[in-house]
> 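A single structure is presented below for examination.
This one's a predicted model, so the numbers in the text were calculated from it and none came from an experiment.
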Amino acid sequence: MRAAVEQARERVAALHAELPRWELVVWTAGNVSERVPGVDGHPDLLVIKPSGVSYDDLDAAAIVVCDLDGNLVEGTRNPSSDTAAHAYVYRHMPEVGGVVHTHSTYATAWAARGEEIPCVLTMMGDEFGGPIPVGPFAIIGDDSIGRGIVETLKDHRSSAVLMQNHGPFTIGRDAKSAVKAAVLLEEVARTVHISRQLGDPLPIPQQAIDSLYDRYQNVYGQR
């Protein structure tokens, strides 16, 4: 278990560097977490960015460890203010191994409007399997945001949700796939916004979306 925790801390520290690299965050906003599956009777844990720490100061030693109730287990700093939301997702979506939250400009702009992003790009069909849904308004500090994420995504193919007036959260089988979803979410949010400035984007038929999603998830890339 100790080796798994340390490896997760190293991965998550490295993945945090991807958020400013892809211009998904400013200052100390945003966070990445990863589930550490329990072994030999030990419960699952999560590793996450500490609250209010600069991205330049993040290394594996800075990443904190929490239980799935959001309580600090290991580390010298307070966990991210979004830890309760991440923990709720892990408790209620056992298939999820990584969660990411950003305030990326275009995705957050859609969230501010409380408007889902329609599936008008093949990239959206590939990665998200349809439109990007909107989750309910919720205040930071408890698991309200986590409840909204789970309620929105539990019966949805999307790996991303726009929490109203807050910003995007993405999920994945591990932290890397959740970061990838966050990067692609911002790209499609920007592109669809620009498309709407030119006119009405053309919707993709559901049958074609289903075909795109199946190919990308099961055939595309190296297997």
> Quick one, L202 and V120 - any side-chain contact, counting heavy atoms below 4.5 Å?
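Result no, sub-4.5 Å side-chain heavy-atom pair not found.
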> Under a 4.0 Å N-O cut-off, is there an ion pair linking E186 with R190?
no
> If you count heavy atoms of other groups shown closer than 6.0 angstrom to CD of E95, is the number above 12?
yes
> Classify the side-chain pair D214/S211 by whether it contains a donor and acceptor separated by less than 3.5 Å.
no
> Please check if V65 and Y90 belong to a single hydrophobic cluster, counting links between Ile, Leu, Val, Met, Phe, Trp and Tyr side chain heavy atoms closer than 4.5 Å.
no
> Run E18 and V183 through side chain to side chain contact (heavy atoms under 4.5 Å, CB included) and show every step you take.
CA-CA 9 Å; E18 298 297 317; V183 173; 5.7 Å; no
> Report the residues that fulfil salt bridge (charged side-chain N to carboxylate O under 4.0 Å, His left out) with R91, sequence neighbours left out, ordered by chain and then residue number.
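Salt bridge (charged side-chain N to carboxylate O under 4.0 Å, His left out) check on R91 returns D69, D143.
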> Between D59 and A13, which heavy-atom pair has the shortest distance, and what is it?
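So the minimum-distance heavy-atom pair works out to C-CB, 3.6 Å.
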> Working note: I48 + V12, criterion side chain to side chain contact (heavy atoms under 4.5 Å, CB included); need CA distance, chi angles, decisive distance, verdict.
CA-CA 7 Å; I48 194 168; V12 166; over 6 Å; no
> Less than 4.5 Å apart, side chain to side chain, heavy atoms only: is that true for L185 and I117?
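Counting from C-beta outward, L185 and I117 do come under 4.5 Å.
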> Is the shortest side-chain heavy-atom distance between E187 and T191 below 4.5 Å?
yes
> Do S104 and P168 have side chains that get closer than 4.5 Å, going by heavy atoms?
yes
> Given side chain to side chain contact (heavy atoms under 4.5 Å, CB included), test L184 with F128 step by step and report yes or no.
CA-CA 9 Å; L184 296 184; F128 302 106; 4.2 Å; yes
> Among residues at least two apart in sequence or on other chains, which ones pass salt bridge (charged side-chain N to carboxylate O under 4.0 Å, His left out) with D210?
R157
> Are W110 and V192 side-chain neighbours, meaning at least one heavy-atom pair lies under 4.5 Å?
yes
> Can you tell whether the side chains of E74 and R9 come within less than 4.0 Å, N to carboxylate O?
yes
> Measuring centre to centre across the rings, with the benzene-like ring taken for any Trp, is H101 within less than 6.0 Å of H86?
no
> Shared ILVMFWY cluster between V47 and M93, side chains joined below 4.5 angstrom?
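Shared cluster, no.
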> Indicate if Y216 and L212 have the same hydrophobic cluster label, given that clusters are the connected sets of ILVMFWY residues with side-chain heavy-atom separations under 4.5 angstrom.
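No: no chain of side-chain contacts under 4.5 Å links Y216 to L212.
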> Checking side-chain contact (heavy atoms from CB on, under 4.5 Å) against V64, which of S33, P50, S51 comes through?
P50
> Taking all atoms of both residues into account, what is the closest heavy-atom pair of D67 and L46, and its distance?
O-CD2, 3.8 Å
> Compare every heavy atom of M1 with every heavy atom of P37, then report the nearest pair and how far apart it is.
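Closest heavy-atom pair between P37 and M1: O-SD, 3.6 Å.
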> So if you build clusters from Ile, Leu, Val, Met, Phe, Trp, Tyr with side-chain heavy-atom gaps below 4.5 Å, do M124 and Y213 land together?
no
> Shortest non-hydrogen contact from D142 to A84?
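Heavy atoms of D142 and A84 come nearest at O-CB, 3.5 Å.
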> Only one of D174, L45, L68 passes side-chain contact (heavy atoms from CB on, under 4.5 Å) with R35; say which it is.
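Running side-chain contact (heavy atoms from CB on, under 4.5 Å) over D174, L45, L68 with R35 returns exactly one hit, L68.
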> Keeping the roles fixed (side chain from H166, backbone from A111), state whether a donor-acceptor pair exists under 3.5 Å.
no
> Given the rule that I, L, V, M, F, W and Y join up when any side-chain heavy atoms are under 4.5 Å apart, are V25 and Y106 in one cluster?
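No, V25 does not connect to Y106 through the hydrophobic network.
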> Between K154 and H92 (side chain of the first, backbone of the second, donor and acceptor by atom type, cut-off under 3.5 Å), is there such a pair?
no
> Between Q7 and V36, is any pair of side-chain heavy atoms under 4.5 Å apart?
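No, every pair of side-chain atoms sits at 4.5 Å or beyond.
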> Counting C-beta onward and ignoring hydrogens, is there a side-chain heavy-atom pair between V89 and F169 closer than 4.5 Å?
no
> Show your working on side chain to side chain contact (heavy atoms under 4.5 Å, CB included) between I171 and S159 and close with a plain yes or no.
CA-CA 5 Å; I171 59 174; S159 56; 4.3 Å; yes
> Are the side chains of V188 and E127 in contact, using a 4.5 Å heavy-atom criterion?
no
> Judged by atom type as modelled, is there a donor-acceptor pair below 3.5 Å linking the side chain of Q164 to the main-chain atoms of R113?
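Flag not set: sc Q164 to bb R113 has no pair under 3.5 Å.
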